[in-house]
> 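Provided herewith is a single structure, encoded as structure tokens, for subsequent inquiry.
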Amino acid sequence: MTATPSPLQRLRTVLDDAVLAVTGGERPKSAPTLERPKQAAHGDYATNAAMLLPKIVGAAPPMIAERLSVALSEHLGDDLLGIDVAGPGFMNLRLSDAWLIAALADVLAAGDDYGAAGATQAGTAESVHLEFVSNNPTGPVHIGGARGAAFGSALANLLVFHGHRVHREYYVNDHGNQVALFGASLQARARGEEPPEEGYQGEYVTEVASRITDAATRPVDEVALEGIALMVAAQKASLEAFRTTFDQWFSERSLHQSHDGQPSKVDEAFAVLAEQGRTYEQDGALFLRTTDSGDDKDRVIVRADGRPTYFSSDVAYHHDKRVRGYDRIINVLGADHHGYVARIEAAFVALGGTKEQIELLITQFVNLFENGERARMSKRAGEFVALDDLVADIGVDAARWYLLARSHDTTIDLDLAEAREQSAENPVYYVQYAHARIKSILARADAGETTAAREDDAVKETAIQSSERELLLALLAWPDEVAEAADRRAPHRLATYALSLARGYSAFYRDCPVLAADLPDDVRARRIDLCRATAQVLAGALGVLGVTAPERM
RNA sequence: GCGCCCGUAGCUCAGCUGGAUAGAGCGUCGGUCUACGGAACCGAAGGUCAAAGGUUCGAAUCCUUUCGGGCGCGCCA
């Protein structure tokens with residue numbers, strides 16, 4: 001991982017120095033922005049620095065802007081072509097071609113590490129426990145799990161790229177009623193009977209039952225456990241095909257087991273809670289005082305008859321996560337579990353954690369339509385849409401893109417028929433196409449090829465053209481995009497970025513020949529470098545999303 | 001009733017810890033084809049950012065209320 005600051009970071013340092021020079025050492029409350037303005041006419045970068053300082057400096061923004069301009073000019077010298085002060089006090093910077101070319105060289109020198117490890121550089125890298133999917137092991141991974149898988153795996157990739165250490169974990173609910181119900185359903189199918197009314201009705205039940213020897217006659221709990229094991233293996237395969245892997249599959253059942261006379265994890269957690277005075281008995285049941293931390297009501301963890309509730313598993317699980325010692329714990333939950341956020345946070349705090357340490361991210365629903373009709377997703381009814389079906393239908397790349405291009409916090413309406421028919425129009429192919437096209441050009445360049453010259457004096461011009469400049473500035477924004485996306489747990493931002501970068505490349509490709517025979521050597525070299533850098537960043541963005549960056553299509 | 005999420009172009013969605021004239025894809029309409037991959041490119045139409053107040057130099061973004069939609073409110077898991 002590179003430790004050298006990116007071109008934009010260096011520019012920020014210069015701006016920071018200029019601010020300190022003008023204020024006499026005092027910093028504004030919020031750091032000044034240094035961003036590309038919406039309109040290219042406003043220059044290469046714009047900063048709001050002058051508008052943040054009136055109270056500190058005791059002058060109006062335009063006046064401050066003038067002073068900042070002087071300081072910036074001194075620092076940047078010839079690299080700075082000019083500064084305009086506009087509007088309420090924005091400063092628009094224009095940078096020299098030499099600065100841009102040097103920046104491009106930096107991007108290429110950093111290679112695949114360009115944009116990586118921002119958290120490491122900033123000293124904010126953390127060890128992260130990331131739990132996601134945690135689909136019930138009584139059926140295949142369904143569409144909700146697919147969204148959780150896409151989001152969780154991309155978030156993991158993103159956090160790792162940004163410099164964090166991530167442990168990916170899947171929580172297997174292999175304990176309790178549903179396991180018994182699954183066993184009963186399997187056995188019924190093995191006997192050629194209908195499953196219990198509240199049992200699992202899907203066709204896969206019969207199929208799984210057929211793979212369990214003597215399922216019709218063996219004790220039902222053995223059948224259940226074997227069935228669960230088969231389902232977990234099937235889920236693992238589905239998820240791996242979906243480019244989603246885990247460092248650990250954590251068994252809920254293991255929380256209730258004790259070894260060699262040692263207390264179970266559940267007992268351990270209960271002991272901690274009792275010690276902290278977080279539990280109390282009422283009507284014979286044991287309650288956890290979750291209202292201490294904002295829950296609506298206290299929650300039962302042991303019923304009056306002595307059986308622990310499902311929530312007790314969650315309590316024990318989070319106790320275990322906590323003692324394993326991560327800086328941060330992130331749970332990705334489906335929308336139907338948002339009601340549990342308060343109690344899980346409360347349990348975590350009761351166990352000795354802090355609210356800042358734990359994040360519960362809710363992925364909203366995916367509404368699937370098939371020819372305008374709502375596709376059913378009830379697993380118990382067996383009419384769910386499985387991850388495998390989605391992948392078989394529209395492919396891994398398109399499926400991941402569709403699920404990742406939008407914020408995890410917004411509901412997705414996805415018409416399968418439309419996604420299928422329009423697959424060639426899917427933006428993911430546009431991005432991939434740009435990458436493949438660049439690779440093709442680079443292969444030609446490496447082979448020393450040139451293309452016919454055209455009667456066009458413009459290509460003799462050595463100065464950086466506007467679409468080159470736009471593309472390069474977009475590439476320079478990559479580290480910021482990564483940091484922003486990682487800090488906000490928003491991998492979808494990289495999809496948006498990748499799409500706009502691909503568009504930027506298209507404009508460059510339209511305007512600027514790369515291999516034309518009459519190009520000056522330095523222009524040709526610069527444009528090849530731009531192609532290389534673009535391919536590198538596109539591949540990086542797609543890689544984080546778990547989408548392939550093909551050499552050919 | 002209470003809680004969480006959402007409401008931005010015809011459709012699907014970005015933009016949201018305040019910044020300049022609110023963007024993209026698809027769809028629609030009209031153009032471009034002998035330089036590197038046409039799975040392309042260019043242009044146009046299309047918006048009271050659900051509504052109303054408030055905060056301030058400035059609000060799609062923050063606060064309040066209202067309306068509309070989704071989901072959740074078990075000693076089920």
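We name chains A, B, ... by the order of the sequence lines, and we start the count at 1 in each one. Keep in mind the model is a prediction, meaning the values are calculated, not measured.
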> Whole angstrom is fine here: how far is it from CG in A/Leu519 over to C1' in B/rC36?
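Interatomic distance, CG of A/Leu519 to C1' of B/rC36: 11 Å.
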> Could you pull out the closest heavy-atom pair between A/Glu66 and A/Val85, with the gap in Å?
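Closest pair (atom of A/Glu66, atom of A/Val85, distance): OE2-CG2, 3.7 Å.
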> Using the six-membered base ring of B/rA20, report whether A/His42 stacks on it, requiring centroids under 5.5 Å and planes under 30° apart.
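It does: the two rings, one from A/His42 and one from B/rA20, meet the stacking criterion.
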> Pairing check on B/rG18: which nucleotide meets the Watson-Crick or G-U wobble criteria with it, both distances under 3.5 Å?
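For B/rG18, the partner nucleotide comes out as none, under the 3.5 Å rule.
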> Quick one: on RNA chain B, does A/Met51 or A/Arg444 contact a more 5' nucleotide (nearest heavy atom)?
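Residue closer to the 5' terminus by nearest nucleotide: A/Met51.
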> So what does A/Ile412 touch, heavy atoms closer than 4.0 Å: a base, only the sugar-phosphate, or nothing?
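The answer is sugar-phosphate, as A/Ile412 gets under 4.0 Å only of primed atoms, P, OP1 or OP2.
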> Calculate the interatomic distance between A/Asn426 atom CG and B/rA24 atom P; express it in whole Å.
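Distance, rounded to whole Å: 18 Å.
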> Heavy atoms from C-beta onward define the side chain here; which of B/rC36, B/rA35, B/rC5 lies closest to that of A/Ala516?
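Closest nucleotide to the A/Ala516 side chain: B/rA35.
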> Given B/rC41, B/rG15, B/rC76, which nucleotide is nearest the side-chain atoms of A/Arg303?
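For the A/Arg303 side chain, the nearest candidate turns out to be B/rC76.
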> Using whole Å, what does the distance between atom C1' of nucleotide B/rG72 and atom CD1 of A/Ile362 come to?
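Roughly 10 Å, once rounded to whole Å.
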> Taking atom C1' in both B/rC4 and B/rC57, what distance in whole Å separates the two?
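Per the computed distance, 35 Å lies between those C1' atoms.
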> Could you go through A/Arg307 and A/Asp305, starting from their C-alpha distance and side-chain angles, then the distance that decides it, and tell me whether this counts as salt bridge (charged side-chain N to carboxylate O under 4.0 Å, His left out)?
CA-CA 6 Å; A/Arg307 286 155 47 234; A/Asp305 64 9; 2.5 Å; yes
> Within the 3.5 Å criterion, strictly below it, is a donor on A/Asn331 or A/Tyr171 matched to an acceptor on the partner's side chain?
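A/Asn331 vs A/Tyr171: no donor-acceptor pair found between side chains.
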> Let's test this: given Watson-Crick or G-U wobble pairing with both distances under 3.5 Å, identify the partner of B/rC4.
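Checking every strand shown, B/rC4 finds its partner in B/rG70, with both distances under 3.5 Å.
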> Rounding to a whole Å, what distance do you find between A/Ile228:CD1 and B/rA77:P?
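One finds 15 Å between P of B/rA77 and CD1 of A/Ile228, rounded.
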> By the 4.0 Å heavy-atom rule, please label A/Asp314 as base, sugar-phosphate, or nothing.
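The residue A/Asp314 makes no contact with any strand.
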> Side chain of A/Asn92, base of B/rA20: donor and acceptor closer than 3.5 Å?
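Checked by distance alone, the answer is yes.
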> Considering only atom C1', compute the distance from B/rU55 to B/rA9 and round it to an integer number of Å.
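Here B/rU55 and B/rA9 have their C1' atoms 30 Å from each other.
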> Quick one: which of B/rA77, B/rC5, B/rC41 gets closest to the side chain of A/Arg510?
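Nearest listed nucleotide: B/rC41.
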> For RNA chain B, whose closest nucleotide is more 5', that of A/Ala507 or that of A/Leu499?
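Nearer the 5' end of the strand: A/Leu499.
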> Quick one: label A/Ser440 by what it contacts on the DNA or RNA (base, sugar-phosphate, nothing), any heavy atom closer than 4.0 Å.
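Here A/Ser440 touches the bases of the nucleic acid.
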> To the side chain of A/Phe287, which of B/rC36, B/rC75, B/rC5 is closest?
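Within the option list, the nearest is B/rC75.
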> How would you label the contact of A/Asp296 with the nucleic acid (heavy atoms, under 4.0 Å): base, sugar-phosphate, or nothing?
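It contacts nothing in the nucleic acid.
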> Taking any heavy-atom pair under 4.0 Å as a contact, classify A/Ala46: base, sugar-phosphate, or nothing.
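Base contact.
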> Could you give the distance separating B/rC11 and B/rA51 at their C1' atoms, to the nearest angstrom?
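B/rA51 and B/rC11 have their C1' atoms separated by 23 Å.
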> Does B/rA39 pair with anything, Watson-Crick or G-U wobble, both distances under 3.5 Å, and if so, with which nucleotide?
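Across all strands, not a single nucleotide pairs with B/rA39.
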> What's the gap between B/rG58 and B/rG15 when it is taken at their P atoms, as a whole Å value?
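These two P atoms come out 26 Å apart once rounded.
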> Could you check how far CD of A/Gln432 sits from C1' of B/rA40, rounded to whole Å?
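To the nearest whole Å, that distance equals 16 Å.
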> Reckon A/Ala495 touches a base, only the sugar-phosphate, or nothing at all at heavy-atom distances under 4.0 Å?
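Counting heavy atoms under 4.0 Å across all strands, no contact is made by A/Ala495.
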> Work out how far the P atom of B/rU12 is from that of B/rG70, and round it to whole angstrom.
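My reading of the P atoms in B/rU12 and B/rG70 gives 15 Å.
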> Which pair of heavy atoms, one from A/Cys531 and one from A/Phe508, lies closest together, and at what distance?
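Scanning both residues completely, I find the closest heavy atoms to be SG-CE2, 3.9 Å.
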> Among B/rG25, B/rU17, B/rC36, which nucleotide has an atom closest to any side-chain atom of A/Arg503?
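Shortest atom-to-atom distance from the side chain points to B/rG25.
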> Return yes if some donor-acceptor pair links the side-chain N/O of A/Thr47 with the main-chain N/O of A/Ala49 below 3.5 Å, else return no.
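Yes; at least one donor-acceptor contact below 3.5 Å.
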> Just how far is it from atom CD of A/Glu198 to atom CG of A/Asn177, taken to the nearest 0.5 Å?
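Taking CD in A/Glu198 and CG in A/Asn177, the distance rounds to 11.0 Å.
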> Is there a donor on the side chain of A/His338 or the base of B/rC71 sitting less than 3.5 Å from an acceptor on the other?
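It does, because a donor-acceptor pair links the side chain of A/His338 to the base of B/rC71 below 3.5 Å.
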> Report the distance from atom OH of A/Tyr430 to atom P of B/rU12, rounded to the nearest whole Å.
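Computing the A/Tyr430:OH to B/rU12:P distance gives 23 Å.
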> Distance check, C1' atoms only: B/rG68 and B/rU21, in whole angstrom units.
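Their C1' atoms lie roughly 31 Å apart.
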> Under 4.0 angstrom, heavy atoms only, what part of the nucleic acid is A/Ala335 near: base, sugar-phosphate, or nothing?
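Counting heavy atoms under 4.0 Å across all strands, the contact made by A/Ala335 is with sugar-phosphate only.
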> Which nucleotide, in any strand shown, forms a Watson-Crick or G-U wobble pair with B/rA59, with both distances under 3.5 Å?
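None - no nucleotide pairs with B/rA59, as no candidate has both distances under 3.5 Å.
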> Kindly confirm whether the side-chain ring of A/Phe90 is stacked on the base of B/rA20, judged by centres under 5.5 Å and planes under 30°.
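Stack criterion met.
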> Under 4.0 angstrom, heavy atoms only, what part of the nucleic acid is A/Ser407 near: base, sugar-phosphate, or nothing?
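Sugar-phosphate contact only - A/Ser407 comes under 4.0 Å of backbone atoms but never of a base.
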> With a 4.0 Å cut-off on heavy atoms, is A/Asp336 in touch with a base, just the backbone sugar-phosphate, or nothing at all?
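The residue A/Asp336 makes sugar-phosphate contact but no base contact.
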> Answer yes if the side chains of A/Tyr497 and A/Glu484 hold a donor-acceptor pair under 3.5 Å, and no otherwise.
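Side-chain D/A pair, A/Tyr497 to A/Glu484: absent.
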> Choosing from B/rC5, B/rG38, B/rA35, which nucleotide comes nearest the side chain of A/Tyr509?
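So the side chain of A/Tyr509 is nearest to B/rG38.
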> Do we see a donor-acceptor contact under 3.5 Å between the side chains of A/Asp397 and A/Gln432?
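Short answer, yes.
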> Rounded to whole angstrom units, what separation is found between the CZ atom of A/Arg343 and the P atom of B/rC73?
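Rounded to the whole Å, the gap is 8 Å.
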> With distance as the sole criterion, is a donor-acceptor pair present between the side chains of A/Ser313 and A/Glu252 under 3.5 Å?
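Their side chains do contain a donor-acceptor pair, which is all the 3.5 Å distance test asks for.
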> Give me the distance, rounded to whole Å, that separates B/rA39 from B/rC26 when you measure between the C1' atoms they each carry.
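About 15 Å, rounded to a whole number of Å.
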> A/Glu35 near the nucleic acid: base, sugar-phosphate alone, or nothing, with a heavy-atom cut-off under 4.0 Å?
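Touches nothing.
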> Need one value for A/Arg552: base, sugar-phosphate or nothing, where a base atom within 4.0 Å counts as base even if backbone is also close, heavy atoms only.
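A/Arg552: base contact, heavy atoms under 4.0 Å.
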> NA contact type, A/Phe311, heavy-atom cut-off 4.0 Å: base, sugar-phosphate, or nothing?
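Nothing: the residue A/Phe311, judged by heavy atoms under 4.0 Å, touches no strand.
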> Determine the interatomic distance between P on B/rG53 and the same-named atom on B/rA14; round to the nearest Å.
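Nearest-Å result for B/rG53 against B/rA14 at atom P: 28 Å.
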> Is a side-chain N or O of A/Ser407 found less than 3.5 angstrom from the main chain of A/Asp409, in a donor-acceptor match?
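Yes, the answer is positive, given that a donor and an acceptor are paired below the 3.5 Å cut-off.
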> Could you tell me whether the side chain of A/Tyr402 has a donor or acceptor atom within less than 3.5 Å of a complementary atom in the base of B/rC26?
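Answer is no: no donor-acceptor pair is held.
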> Nearest to the A/Tyr340 side chain among B/rU17, B/rC36, B/rC73, which nucleotide is it?
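Shortest atom-to-atom distance from the side chain points to B/rC73.
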> For A/Asp295 and B/rC75, give me the distance from atom CG to atom P, rounded to whole Å.
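Atom CG in A/Asp295 sits about 11 Å away from atom P in B/rC75.
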> State the pairing partner of B/rU28; accept Watson-Crick or G-U wobble contacts with both distances under 3.5 Å, and report none otherwise.
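Looking at the geometry, B/rU28 pairs with B/rA44.
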